[in-house]
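Worksheet: the structure to be examined is printed underneath.
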Amino acid sequence: MTADAPTLPPPHDREAVQRGLTRWAEETEAPVAPAHRPVLETIFGNSPYLTELALREPATLIRLLDEGPDAAFGAVLDMLAAADPEASRAQLAETLRTAKRRAALAIGLADITGRWPLERVTGALSTLADATLQAAVGQLLREAQGRGELRLRWPDDPARGSGLIVLGMGKLGARELNYSSDIDLVILFDPEAGAYHGDNPLAFFVRIARDLVRLMEERTAGGYVFRTDLRLRPDPAATPLAVSVEAALTYYGALGQNWERAAMIKARPVAGDLAAGASFLAELRPFVWRKNLDFAAIRDVHSIKRQIQAHRGGATIAVAGHNLKLGRGGIREIEFFAQTQQLIWGGRDPALREPATLRALAALTRVGLVAEGTRAELEAAYRFLRRIEHRLQMIDDRQTHTVPADPEGLARLAAFAGFASVDAFAAELTRQLSRVERHYAALFEEAPELGGPGSLVFTGVEDDPDTIATLRQMGYANPSGVAATVRGWHHGRPRATRSARAREILTELMPALLAAFARQKEPDQAFARFDAFITQLPAGVQLFSLFQRNPALMDRVAAICGAAPLLADYLAHHPPVLDGLLDGARPDRPVAPVLRPLLAEARHLEEAMDVVRRVVHERAFLIGVATLEGTLDVDRAGLARARLADAALTALLPRVVRDFAARYGRIAGGAMAVVAMGKLGGREMMAASDLDLIMLYDHAPGAETAKGGTGRRLSPPEYFGRLAQQFVTAITAPTGEGKLFDVDMRLRPSGNKGPIAVQLAGFARYQAEEAWTWEHMALTRARVIAGPAGLRRRAAEAIRAALTRPRDAAKLREDAASLRTRIAKEIPPFSPWDVKYRPGGLLEAEFVCQVLQLIHAARTPEVLAGSTGASLRALAKAGALAAEEASRLIAASRLFRTVQGVLRLTVGKPRSVEDIPPPVVEALCRAVATAGARGAVDLPALGAQMLASARDVRAAFNRHVADLGPVDAGPEA
């Protein structure tokens, strides 16, 4: 084999040439023939990989140089055809590796010397892959017959009728393999073929697939055969290595994606039962080639490519580091140029169904879809880029498509590609890439730009390196996990993405969607919460269309998922609540009118419980979102939550009483009332607040046991104790709609040691004779919220009587101060952001208010106004508190409750400012501004404002309760 010197690339590394020639002389024990020297210098000076092949297979190289590549490659195929069918698997594996080495050497030199055109080079690589796969499959099937698992009907052709189908995909299927290409396979099996005689065909064929991959990929001192990729099978993350024909057809018929249609253009049976493979592809033909013009579906493919274009290479085409396959103007753009038009028109014109890229371009030109000049330029570019790709891979046998970024690597590639200089190489590469880019852009010039932060490509089955880099730059800590999730969406794993239209919209939406979640503090967690939400949706087209038309809604959902785990978890489990974000209604509107008609339709207590839970949760979600977004201040939010709880308990109590009476009858004149304490009583509820409740009951004098019902007769204490427990269970028990509220009953007389329900007279007596000071302080926020009107009135009177009796002011102050000191020791603040327990915090503001209420209520009952703010204003009006001081305490209480409310929805208990991410900072400052506080605009300003408020509260505590000293600045707030 000779070649004129000018047609051969000059050696880049002269020292490598000398080392190679020396080793060649040692291996062959003969001088280098003058006619062979130019080829040897090209190999040794440019390609370490070909150098090692040449020195390992000198006889093959000499035959190649003397007789030409056709003879050398034919000898390889003859060797494979003559492989001993009785050989062991290890012996066959060594034969396959030897064939690969010799073929790689022959094909490489045929390419370098120009003896073979591109089609012959890629065709020979594909033929080699076919032959090695067929030999390997035959070996595995014969072994299975030897084990009694198969009954092969044609021993000389074991694959025939075996039920095993091996499809070549991608470049193998189109006979366009590149020099160091992986081979993409889809392995199918037909359990009805009759050859398999076992109980578990899936396990058997999966083992065959695994052994085939091992045979092809395993590396030894003799090298390897082909790297193998099975990820183009249907839904590879959820299916075994081998898929039954029936399952594959079902998948493609229901969930097949447009990129899979494009991939199937190139599919070809390469091993196994070739006739069965052809039959499968014939049955799949309607999926790939749709009869109607499919412009709408092709938008998905356009979107994929436009995502690539959104970033890669910017407005210019770089040479160093450019990806010849995926980059701007690269090989993939030429393939997409042909495939997208094939998908649109190939259903009606079978002549367009050419798997090979160049033949496809020619077919499109023949029918007038592509201009001849365009075809000629794209073909020239394709041939050029494939040649450079092969030179790049021949250097070290690496499956790479990226031009070296370092000067030395760039110079080596330029020389190996036959260019006199790097500048000349760069100029020609840029010219060809620019041509491709121009033609591709013209094809899709009507498609809108997606924009986006970088390359975001989720088609196919593997991570796109630039997409992973983009996701990492956006802030995702686990970009591969995010990419896998998105691919799962496109495979239709969630119900929401099983329609083609949903996936098309999602593709166009993806850059903006990922950017929205990347703006959260922990993008991966926020994205995972959104995935949980998507998984629960019954359908996705409506939501994704809403996001398209209303990007602000997408930002709201991202902010919820990123900053408010409580709300995000609820959203994930109750997707319909999203409708509330769209209807524009106020979240604090009355809920009782909504509950009444729904409860009227509830047939039994469990249905009523679910109705109440659903309505309460949906409304609480909207209140939380409004709080987070700063459209509902803390006072209105607290009032709205309290009204919500009031309505829920008021609606549930009669249903529980009725259900209980059906079993246990009724006590004569008996009734039960619910007293709200704490945040609910003061109408200052926070997100996820417990309900502090006291159950009071009364009955007619002399009533002894319940009458009626089917259960045993209960005395009044037993009856109302069980009724109270039943009511608490109705509130706290988890159902399909979740838990309504947690309940805390430790504020009842005698706390956890006392009965769960207390008779009204006993309650009044306890408050008058036994209650501690702290219990009376807590009672200042008591409010009767449910029960018959008469009992509610008498309970309210008993509470008022307990609060308005004269008191020893000094003893009251002493007890309150002692309680504050004990709490400080037992529950120290976790950080300055613990606004309840920090020195000068919310607890002390409430203590000041409650102590003054108890001191002055006997003379001025109007100070018992319920909420802290209303009570402080009443105290000021009564002259018990200076107006300015009351104003400062009200402002401090509102500030602390605002901060507490946002933190509960978001990060929980931050130990320092580092635990508060920017979205939460924004929410805090927004909420503080909404609450009318003193204008915090950032975290340091808010910390300083909190410290100033704490000093105001401590000063009031020192003045009105007991002197605990000043508030120090303490740690950084």
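Basis for what follows: all heavy atoms, side chains included, without hydrogens, waters or symmetry-related copies.
Scanning for side chain to side chain donor-acceptor pair (under 3.5 Å) contacts around Arg822 gives an empty result, with sequence neighbours left out. For Thr906, there are no side chain to side chain donor-acceptor pair (under 3.5 Å) partners two or more places apart in sequence or in a different chain. Here Asp744 pairs with Arg746 under the salt bridge (Lys or Arg N to Asp or Glu O under 4.0 Å) rule; sequence neighbours left out. Contacts of Asp815 classified as side chain to side chain contact (heavy atoms under 4.5 Å, CB included), with partners at least two apart in sequence or in another chain: Thr773, Lys811. Considering only residues two or more places apart in sequence or on other chains, Arg643 meets the side chain to side chain donor-acceptor pair (under 3.5 Å) condition with none of them. For Arg519, the salt bridge (Lys or Arg N to Asp or Glu O under 4.0 Å) criterion is met by Asp555, not counting sequence neighbours. Qualifying ring pair (Phe, Tyr, Trp, His ring centres under 6.0 Å) partners for Phe896, counting only residues two or more places apart in sequence or in other chains: none. Arg493 meets the salt bridge (Lys or Arg N to Asp or Glu O under 4.0 Å) test with Asp235; sequence neighbours excluded. Qualifying salt bridge (Lys or Arg N to Asp or Glu O under 4.0 Å) partners for Arg472, counting only residues two or more places apart in sequence or in other chains: none. Among residues two or more places apart in sequence or in another chain, the side chain to side chain donor-acceptor pair (under 3.5 Å) test is passed with Arg748 by none.
Inspection of the Glu885 and His960 side chains reveals an N or O donor paired with an N or O acceptor under 3.5 Å. Counted by atom type alone, Asp915 and Trp833 present zero donor-acceptor pairs between their side chains at under 3.5 Å.
By the 30° and 60° cut-offs, the orientation of the rings of Phe530 relative to Phe517 is tilted.
Remark: side-chain polar atoms of Glu684 are paired, donor with acceptor, to backbone N or O of Thr868 under 3.5 angstrom. Judged by distance alone, the side chain of Gln520 and the main-chain N or O of Ala516 form a donor-acceptor pair under 3.5 Å.
Residue pairs satisfying the side chain to side chain donor-acceptor pair (under 3.5 Å) criterion with at least one member in residues 609-619, sequence neighbours excluded, are listed as follows: Asp610-Thr735.
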Pairs under 3.5 angstrom only: tabulate donor-acceptor contacts from the side chains of residues 687-694 to other protein residues two or more places apart or in another chain.
from: Ser689; atom 1: OG; to: Met686; atom 2: N; distance (Å): 2.9
from: Ser689; atom 1: OG; to: Met686; atom 2: O; distance (Å): 3.0
from: Ser689; atom 1: OG; to: Arg904; atom 2: NH1; distance (Å): 3.3

